[in-house]
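Treat the numbers as computed from the prediction; the structure is a model and nothing was measured. Sequence lines set the chain letters: A, B, ... in the order given, protein chains first and strands last, and positions in each chain run from 1.
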Amino acid sequence: MKYYLMKSEPDCYSIDDLKKDKTTSWSGVRNYQARNFMMDMRKGDEILFYHSNAKEIGIAGIGNISKEAYPDHTAWNPKDEHYDAKIAHGDPRWQMVDVRFVKKFPHVVTLDTLKNTPSLKNMITLRKGNRLSITPVTKKEFETIVKLSEK
DNA sequence: GCCAACGTTGGC
DNA sequence: GCCAACGTTGGC
């Protein structure tokens with residue numbers, strides 16, 4: 001079992017949307033590093049759902065991987081916001097996974113809290129200038145954040 | 001809305 | 001292969 005953090009702008013897609021939908025396909029990732037992490041994901045791996053560019057920035061809940069990486073067809077659709085004109089139709093360069101809702105935290109574990117928790121200081125997403133939308137987290141980091149959400 | 005930090009692109 | 005220019009991300 002592995003653990004990841006996935007960022008989403010709640011104006012675009014929030015933990016409440018995931019709760020309502022039950023599962024969603026994580027399409028639109030156009031960054032090679034983030035894609036590679038998705039390709040490492042296995043069914044059942046757990047993810048921290050992070051709200052970026054939000055009124056309340058931080059981790060809003062938990063999901064898990066319900067379907068492993070498969071081609072992101074939105075890259076081939078000229079009408080899609082994440083259309084990639086540089087690849088051929090059918091090119092499986094960009095991939096997505098399906099994420100299932102697990103729980104919404106009773107309160108957001110804010111970025112401020114994350115920064116002020118010494119055992120989380122190595123989290124990739126907290127490093128200066130990091131913009132990766134998908135990053136691995138350790139089991140310990142995952143469990144620490146779950147505990148913070150219960151406080 | 002600003003801007004620092006980063007990834008990508010393309011000319012050479 | 002270098003690197004300047006550009007576009008994007010995301011916190012503030």
Please report, rounded to the nearest Å, how far the [atom2] atom of [N] is from the [atom1] atom of [X].
X	N	atom1	atom2	answer
A/Asn53	B/dG1	CG	P	13 Å
A/Asp112	C/dG10	CG	C1'	15 Å
A/Arg127	B/dA5	CZ	P	16 Å
A/Ile134	B/dG7	CD1	P	15 Å
A/Asp11	C/dG10	CG	P	13 Å
A/Met123	C/dG10	CE	P	14 Å
A/Tyr50	C/dG10	OH	C1'	8 Å
A/Leu126	C/dT9	CG	P	20 Å

- Task: Assert yes or no for the condition that the ring centre distance of A/His51 to A/Phe49 is strictly below 6.0 Å.
- Result: yes
Would you say [N] has OP1 or OP2 under 4.0 Å from some side-chain N or O of [X]?
X	N	value
A/Lys115	C/dC12	yes
A/Lys7	C/dG10	yes
A/Lys128	B/dA5	yes

- Item | NZ/NE/NH1/NH2 to OD/OE distance under 4.0 Å, A/Lys139 and A/Glu143 | yes
- If two hydrophobic side chains count as joined below 4.5 Å and joins carry through other members, does A/Leu111 share a cluster with A/Leu132? no
- Item | Nearest-nucleotide 5' precedence on DNA chain C, A/His82 against A/Leu111 | A/His82
- Note on the structure: From the candidates C/dG11, C/dG10, B/dT8, the one with an atom nearest any side-chain atom of A/Tyr32 is B/dT8
- Within 45 degrees of the axis of the six-membered ring of A/Phe101 and under 6.0 Å from its centre: does A/Lys104 put its NZ or CZ there? no
